Every structure is written in structure tokens, then in C-alpha cells.
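The shown structure was predicted, so the numbers you read here are calculated from the model rather than taken from an experiment.
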Amino acid sequence: MPRQKTPSKTSVKSTAQSAGRRGAKPYSPRQYSSLVFDGVKQTPSRAMLRAVGYVDGDFEKPSIGIATTWSNITPCNVHLDGLAQAAAAAADASGGKSRIFNTITVSDGISMGSPGMRFSLVSREVIADSIETVAGAQGFDGLVTIGGCDKNMPGCMIAMARLDRPSVFVYGGTIRPGAQRRDIVAVFEAVGSHASGRIDDAQLKEVEATAIPGPGSCGGMYTANTMASCIEALGLSLPNSSAQEAVSRTKLDDCRRAGEAAVRLVKEGIRPSDILTRKAFENAIATVIALGGSTNAVLHLLGMAHAARVKLTLDDFTRIGRKVPVLADLKPSGKYLMSELIAIGGIRPLMKMLLDEGLLHGDCLTVTGRTMAENLADAGAYPAGQDVVRGFDAPLKKDSHLVVLYGNLSSEGAVAKITGKEGLSFTGTARVFDSEEASLPAILDGRVKAGDVVVIRYEGPKGGPGMREMLSPTGAIMGRGLGDKVALITDGRFSGGSHGFVVGHVSPEAAVGGPIALVRNGDRITIDAVKRELTLHVAQAELKRRARDWRPPAPYATRGVLAKYAREVSSASTGAVTDARALEPAPPARNSARSKGSVVGSKRAARAR
């Protein structure tokens, strides 16, 4: 990415008017609410709204929806009702009229390792659909969306992109550290330590009781903090929204400023399509890499780009990753928690470093109405002596930790998280499990040994269904002291808290006849992060023979939301979206149940090396 010249402030309005509109008409501050509120025929609508607090003058104001993912089922979201009230009050004070509505959330940390985790990625689509549904039905002119956990953040973003109405995202904020700087990942790893006899029952209980001290999202650079940073880098949240503790005055102020910004964006006609450009997505990728962020960012950025009609592929992560180093020494692979990054200035100094190095596009418009370069103009440097964020002269890794792998096991791609601490290649013997549940006892009771490549399959978007996260197996591997001795590959995905030699998103997945379905115990597998290859050392003739014998398993669900999701969801390599067919040409007819990309039908060569 070349260095960018910063446009003058007088050019920002013209940038907003011309950027990314895709032929849209000029925006009126009451473009949607006027259709619901105005005229004699809408008298019943006004009558209904008077019962929820509207008075005469309110019908002439821009209508601002405040979408919150509040619930008390998880610490990530338990405080969001108060944040929504703060955003709504500020929108009202700025000349808008707000209405608060709720959508769902589920907790990955609570459902992890159980059948309930199948619903996690599904919830991203339900959240997006529900926000789009309410905003479309109620005629909101603008939106503030508030998320606090892994899937509700990209869910909010997908809805904002689809609706394309002036919008601001607010992150609910990170949790404060528990005792001895613990967090949720410490609990998962304690389970493995308990199984190996390294801690006893009382010590395990003490970890359980002290690791999660209150509201907020998981405390490392896991998926929630990664996605919050992504969204700030995209320009759809206010500066510093991603780097604030959940329980803080700064977070309340962020919500108030978001309410004000939503009204201003409506009046100025700045929409998500003006902000969510290809350059903006490149800024998000660069920021995630520099922070050492979660592999889930790959899946979610692909899904968000799809909603924004921006062409983004796995290979873009490789291209940008060749130039951007890992600079932040954050958990799970590093030492520090998000609160410790916040204490030295958050992500803005890091983004300014990237901008000055020519690794961010400074001319991208943001929800402030200014460009990214203008937003970062007053960002200071990190304090002298800190070692949370490295300089370019001493990076933790000189290129990206997010490594896209192709090969005869992943013709459509797979995503590894390779920090370099694990080494850059691993060759071992396959230990195959057809579900997460089957793998965990084998890890905990010692059947998985040094030199094994644990293969967990039928956990992909369709096969799970829902592409469960494998934090329980990876946490158990780390807890048993096997983090540098065992690799794990899966067509599922990983929590942002997973670390070790792990490869997820293997595509095509096992449920559609992908090569991962053909692996057998004892096969040799090589993960090569330098060549960016994932290789099954089995002759092609033998793989063809196995493919002829393969039969798809019975579906996990035959009715309800999981069955519907399994029918509609796309490959992980395209973001696991559920509306792909609405925007893309119909695929050619297939003569076999084994789809293109399976070991039988695929002729795609390894790419992006």
C-alpha cells in the first residue's frame, strides 16, 4: 500500500458525496421515517408512536434506531443497556429522535465445547437479519449499533452494510483482568493442567472463581477485541472506541459521541457505502495483523465485505500480510492483556505507526466525517520504555501471523495462526476425530501424544453445522504442555484465545467431500507456513480410491435454524455467508454429490505463495 496524501478538510464533504455510492440518490435526513410518519394515511403510525413517548415535534426529526445486543446471559453484554441509553439520550439532544431495540446474543465462552456452540456463528446471521428487519420495518434514518461479543459485532456490521443508512458502531469494551492477570483462556487451559495433574481441584476452583471479574469482552487480543479494532480501522466506529474498558467513563462518553455522530451523519448523508471501500478493508487487515489478532477476523471480514459488495478474498490477507509485521505482544500468544494496551494509549498510536510507514490508506472516509489520516493526526506515540507494542525495527514477526494455506488438503484454502513461537513447519501423524466431543477425552487422558496432528472434522459451516470453535481442544493441548509438540487442523474454526500450531477453516469441508474427510489415522501431514502449504502425504490414486468409498454423514439437524443454516451457508473460504446466492450467478449444474473443490473434482492449484 503506497503512502497516501491526506485530503484537505474542505475536500471531505465532496469525498462523502462521491465515494462508494454505487448510483444511490442523494440522502434526505428523513428519507425513511417520512414514509412511516408523514401524511394523513400514516395517522395510525403516529398514534402508535405517541404511546411510546412521541410528541408532535418528534415526527419532524430524523429517526435514529439504537440496536443493542444487551442480555444478562454473558458478561460481554450485561452492561450494554446502560450504553444504549447514553447513546439514545445524546441522539435526542442532537436533534434526532431515538428508539432502542434489542437483538440476540449467544456466549461462545459459555457454549464452548458443547452442542450449543453450533449456534454461535449462526447467531451472526440472525443478528444481522434481525437488525435489518427492524430498521427496515420501522423506517429508521440512521443507526447506532452496540455489540460486545464475537459474533454480534460482525452481525451489526453486516446489517449496517446491507441497510446502507448512516450508522455508527459502538464496542461494549473489554473486561478488566482477573486475579493474577487471568482471563477466560486461563480457565480453559487450567482444565488441561488439571487433567495432567499440574493443579488440583482447589486450584482449579480458584481459577474458575477469579478469572472473570465483571462486565466486558474477553481480555486478550481474542475475537471481540480483534473485531472492535477491525471496525475502528474500517472507519465505522469513533476513534478509540475499540480500546476502552467496559466499565469506564470513556466508554460512556464514546456512546454519547456515537449518538451525536449518528444524527450528524444523517444530516450530512454519509453512509456505510461511503466508508466501507476496498481500501478500508485493507486498513482493517493491516491493523489485525499488527495486533496479532484472531483468525476469526478472516472469516468475518470476508462476510462483512460480501455484505458491503466489496471484493475481498483470502489471497488479500496473504498479499497484505507479506508487508505488515506483528507488533503487539498480546495474549493469547503474547504477554499482555487489552487493558494493558489501553493503559499506554490503545490502538491509535499503532495505527499512526502503520500510517507513517505507508501501511494504511489515510484517505479513507470515517464516521467522524474526516479521513483516517485526519483522525490520526493528533495520535501520540507510545510512552518510552513500554514493550507491549514493538517498533518496526524489532517486530515480533516480520510478516503476518495469519497464514493462508493451500494444498491437497485445502484446495480452497485454510487459515493458520503462526506467530513463529511454534516454529514455521510441522510434520506429524494424523489422529482423526469426527467431532470435537470425540477429540477432547483423547487429549485429556493422554492418548494424543507428541508428534500427532489432531484432525477434527465434520465441524465446518455445513457439517457442524455452525463451524464450532475448538478452544476446548486447543486449551487442553496447551494445558497438558503439548503446545509446541502437537498440531491441530480442522474444518471448524478457533477462538481468538486459541494458540499453538493450529490450522482452521480447512476448505472444502468434510461434509461436502473435501479431502479432510479422507484422512485416516497414521497418515502423514505437513503444515508449512513458509511455503503456505497444507499437505496430506498420501498418493493421489489412494485418495481417489478413498473418495469413491466416502459417503456423507447424516445431517446433525433436519429442521429448525441449524438445518436452514446448513442448507444456505457458503464455504468458510468465502466468509460462511448465507445470502451468497442472492448476489452471485447460479453455479453450473453438478453431476456428483462430491462438489467442485472435493478431492475428486478440484483442479485448483496452490496459490498465493
Checklist entry - Could you give the distance from OG (Ser229) to CG (Leu330), rounded to the nearest 0.5 Å? => result 9.0 Å
Checklist entry - Out of Ser237, Ser241, Pro239, Ser248, which residue meets the side-chain contact (heavy atoms from CB on, under 4.5 Å) rule with Asp254? => result Ser241
Next on the checklist: Can a side-chain donor-acceptor contact be found between Glu459 and Thr490 if the only test is distance below 3.5 angstrom?
Outcome noted: no
Checklist entry - Just checking, is any N or O donor in the side chain of Asn225 or Tyr171 under 3.5 Å from an acceptor N or O on the other one? => result yes
Checklist entry - So, for Leu163 and Ala135, which heavy atoms are closest and what is the spacing to 0.1 Å? => result CD1-CB, 3.6 Å
Checklist entry - Would you say the side chains of Ser94 and Arg264 form a donor-acceptor pair under 3.5 Å? => result no
Next on the checklist: Is there a side chain to side chain contact (heavy atoms under 4.5 Å, CB included) between Val388 and Tyr382? Walk through the geometry before answering.
Outcome noted: CA-CA 9 Å; Val388 181; Tyr382 288 118; over 6 Å; no
Next on the checklist: Nearest 0.5 Å, please: how far is CG in Leu276 from CZ in Arg278?
Outcome noted: 14.0 Å
Checklist outcome for this item: Rounded to the nearest 0.5 angstrom, the CG-SG distance for Asp274 and Cys364 is 12.0 Å
Checklist entry - Please walk me through it: do Leu314 and Val415 pass side chain to side chain contact (heavy atoms under 4.5 Å, CB included)? => result CA-CA 9 Å; Leu314 284 174; Val415 181; 4.1 Å; yes
Checklist entry - Is there a donor-acceptor contact under 3.5 Å linking the side chains of His300 and Asp150? => result no
Item to check | Given Ile285, Val326, Val288, the one that forms side-chain contact (heavy atoms from CB on, under 4.5 Å) with Leu402 | outcome: Val288
Checklist entry - Would Ser294 and Thr226 satisfy side chain to side chain donor-acceptor pair (under 3.5 Å), going step by step from the backbone distance to the final call? => result CA-CA 6 Å; Ser294 167; Thr226 298; 5.1 Å; no
Item to check | Stepwise side chain to side chain contact (heavy atoms under 4.5 Å, CB included) test for Val404 and Arg319 | outcome: CA-CA 10 Å; Val404 178; Arg319 175 177 55 82; over 6 Å; no
Next on the checklist: Keeping Asp316 on the side-chain end and Thr313 on the backbone end, is there a donor-acceptor pair under 3.5 Å?
Outcome noted: yes
Checklist outcome for this item: Shortest non-hydrogen pair, Ala246 vs His79, comes out as CB-NE2, 3.4 Å
Checklist outcome for this item: Closest non-hydrogen contact found for Pro272 with Arg165 is CD-O, 3.2 Å
Item to check | Arg493 side chain to Met467 backbone, donor-acceptor under 3.5 Å | outcome: yes
Next on the checklist: Please find the pair of heavy atoms, one from Thr69 and one from Gly147, that lie closest to each other, and give the distance.
Outcome noted: OG1-CA, 3.5 Å
Next on the checklist: Donor-acceptor pair, distance only, cut-off 3.5 Å: does the side chain of Ser410 make one with the backbone of Val506?
Outcome noted: no
Checklist outcome for this item: One should read off an interatomic distance between Arg176 CZ and Ile342 CD1, to the nearest 0.5 angstrom, of 9.5 Å
Checklist entry - Which pair of non-hydrogen atoms, one from Ser217 and one from Ala224, has the smallest distance, and what is that distance? => result CB-CB, 3.5 Å
Item to check | Salt-bridge contact Glu357-Lys323 (side-chain N to carboxylate O under 4.0 Å) | outcome: no
Next on the checklist: If you apply the rule side chain to side chain donor-acceptor pair (under 3.5 Å), what do you find for Tyr336 with Asp387, and how did you get there?
Outcome noted: CA-CA 9 Å; Tyr336 294 102; Asp387 65 345; 2.4 Å; yes
Checklist entry - Which pair of heavy atoms, one from Glu412 and one from Ser571, lies closest together, and at what distance? => result OE1-OG, 3.2 Å
Next on the checklist: Rounded at 0.5 Å granularity, tell me how far CD in Glu374 sits from CG in Leu376.
Outcome noted: 10.5 Å
Checklist entry - What distance separates Phe169 CZ from Glu232 CD, expressed to the nearest 0.5 Å? => result 11.0 Å
Next on the checklist: Please determine whether salt bridge (Lys or Arg N to Asp or Glu O under 4.0 Å) holds for the pair Glu340 and Lys331, giving the CA-CA distance in whole Å, both sets of side-chain angles, and the decisive distance to 0.1 Å.
Outcome noted: CA-CA 11 Å; Glu340 292 163 313; Lys331 287 178 177 286; over 6 Å; no
Item to check | Chi angles and distances behind the side chain to side chain contact (heavy atoms under 4.5 Å, CB included) call for Asp253, Gln244 | outcome: CA-CA 10 Å; Asp253 183 58; Gln244 296 163 343; over 6 Å; no
Item to check | Check: Arg256 side chain, Ala90 main-chain N or O, donor-acceptor pair, under 3.5 Å | outcome: no
Next on the checklist: Check Arg162 with Asp164, please: is the shortest side-chain N to carboxylate O separation under 4.0 Å?
Outcome noted: no
